[in-house]
Amino acid sequence: MSQPTRSVIITGTGSYSPAKVLTNDDMSKIVDTSDEWIRTRSGISERCFAAQGEKTSDMAVAAAEKAILAAGIDRSDIDLIIVATMTPDMPFPSTACILQSKLGLGNITAFDIQAACSGFIYALNTGSNMLRSGAYKKALIIGAEKMSSILDFQDRTTCVLFGDAASAIIIEASETAGVGVLGSIAGSDGSDPSLLYQPAGGSTIPPSHESIDARQHFIKMNGKEIFKQAVRVMGQVSSDILKQYSFTSDQIDLLIPHQANMRIIDSLAKRMKLPLEKFHNNLDRFGNTSGASVGLALDEAYQMGRIQSGDLILLVAFGAGLTWGASLIKWQ
Ligand code: UT7
């Protein structure tokens, strides 16, 4: 495939996780579970939950401030904000608009993307293409989730798995060819939304006393089916993007997968014939932070010095929708 003439590079990363940490033992005081079950079935040891009144946009601001600082840019040069979230501050206006004001940015293009756990890659894909078009120069890409606001703390099959966090990157257009976001792919299959969904609160079941009594404003998940699909699709999309850009899996320096379940990541590693050392995982400390997860792991990997100039990095995610996506990055 021919390279796009305009490159898009990541010039700054940042992330934020709330101060309140709940261990698996803490969760076992809320629902009938155990540290042993959560660790062996998911790989999660602890997660962070936002404080009372701490909003998705508050976490997004904290992550964005760090990314802006790391990029060393003047924030007034940012001309695009995309926020990936399934837990916005409110159904509308978008969290991106709220962020535009909180960060004191100009009257720039700002919108949310809702692609659940694939959101960060959907946002990166969309933002990169908007920069490649020449219409935009510097974009703030955010993944931010207050998952605790939609968790059912009476449902042990879901509430132990998720956490709150925000991640941010600055992407910029560059004239240097062959570096940065080489390409992204994204897909969907909406044939069975009930595999992973929040039944009420939209136009299907507007909020009512009944919907609240039936606990329909919380996440519902068919974990087993989602697990099977995640293993299959993340493997497929990873090999698809490598093939599309003429790379092989042994050329990957670092793979950053969506952090949902360590057993899914283990299966992906086996399928791709890659050692786990090539993966960056932080699921044990943050749980599944949905749209924030890939960016959270990317920022951590960068801060830890795991990403060097010239490295080939693969981001891959899967989530509700169903949605999936992958991005291939040659770090500049
Ligand atoms: O980010 C979006 C994508 N999401 C995912 O990728 C999540 C994918 N799914 C998964 O990660 C796994 O399916 C889970 C971690 C959710 C569940 O693991 P599993 O091995 O599929 O367990 P299961 O649902 O088959 O449940 C096994 C048993 C059940 O008991 P019985 O019916 O065998 O007696 C559950 O009731 O474990 C029980 N169980 C629990 N026990 C203790 C379910 N949740 C818990 C819990 N603590 N928290």
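We count ligands from 1, going down the list as the structure has it; atoms in each ligand are counted the same way.
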(request) Under 4.0 Å from a heavy atom of I264: give me the atoms of ligand 1 that qualify, with their elements. (result) 6 (O)
(message) So, 4.0 Å and heavy atoms of I38: is ligand 1 close enough to count as a contact?
(response) no
(request) Looking only at distances, please establish whether an N/O atom of ligand 1 is found under 3.5 Å from an N/O atom of G223. (result) yes
(message) Would L161 count as a contact residue for ligand 1, given that I'm defining contact as a non-hydrogen atom of the residue lying under 4.0 Å from a ligand atom?
(response) yes
(message) Considering N24, N222, I226, T323 one by one, which has a heavy atom nearer to atom 3 (C) of ligand 1 than any of the others?
(response) I226
(message) I need the contact type for N288 against ligand 1. Using non-hydrogen atoms and a strict under-4.0 Å cut-off, is it side chain, backbone, both or neither?
(response) side chain
(message) Side chain, backbone, both or neither: which applies to T157 and ligand 1 if a contact is any heavy-atom pair less than 4.0 Å apart?
(response) both
(request) Verify, without hydrogens or angle tests, whether T85 (side chain) and A144 (backbone) share a donor-acceptor contact under 3.5 angstrom. (result) yes
(message) Does only the side chain of T158 get under 4.0 Å from ligand 1, or the backbone, or both, or neither? Count heavy atoms.
(response) neither
(request) Please determine if R156 has a nitrogen or oxygen closer than 3.5 Å to a nitrogen or oxygen of ligand 1. (result) yes
(request) May I ask whether I212 and Y197 are part of the same hydrophobic cluster, defined by side-chain heavy atoms of I, L, V, M, F, W, Y residues being less than 4.5 angstrom apart, directly or through others? (result) no
(request) Enumerate the atoms of ligand 1 whose separation from the nearest heavy atom of R41 is less than 4.0 angstrom. (result) 15 (C), 19 (P), 20 (O), 22 (O), 27 (C)
(request) Considering the heavy atoms of K224, write down every atom of ligand 1 situated less than 4.0 Å from one of them. (result) 13 (O), 21 (O), 23 (P), 25 (O)
(request) Identify the two heavy atoms, one from G319 and one from S118, that lie closest to each other, and give their separation to 0.1 Å. (result) N-OG, 3.4 Å
(request) Give the residue, atom name and distance (to 0.1 Å) of the protein heavy atom nearest atom 40 (C) of ligand 1. (result) W37 CE2, 3.3 Å
(request) Could you establish whether V31 and ligand 1 come within less than 4.0 Å of each other, counting only heavy atoms on the residue side? (result) no
(message) Can you confirm whether some protein heavy atom lies under 4.0 Å from atom 6 (O) of ligand 1, or whether none does?
(response) yes
(request) Mark the output for H258 as yes if a heavy-atom distance to ligand 1 is under 4.0 Å, and as no if none is. (result) yes
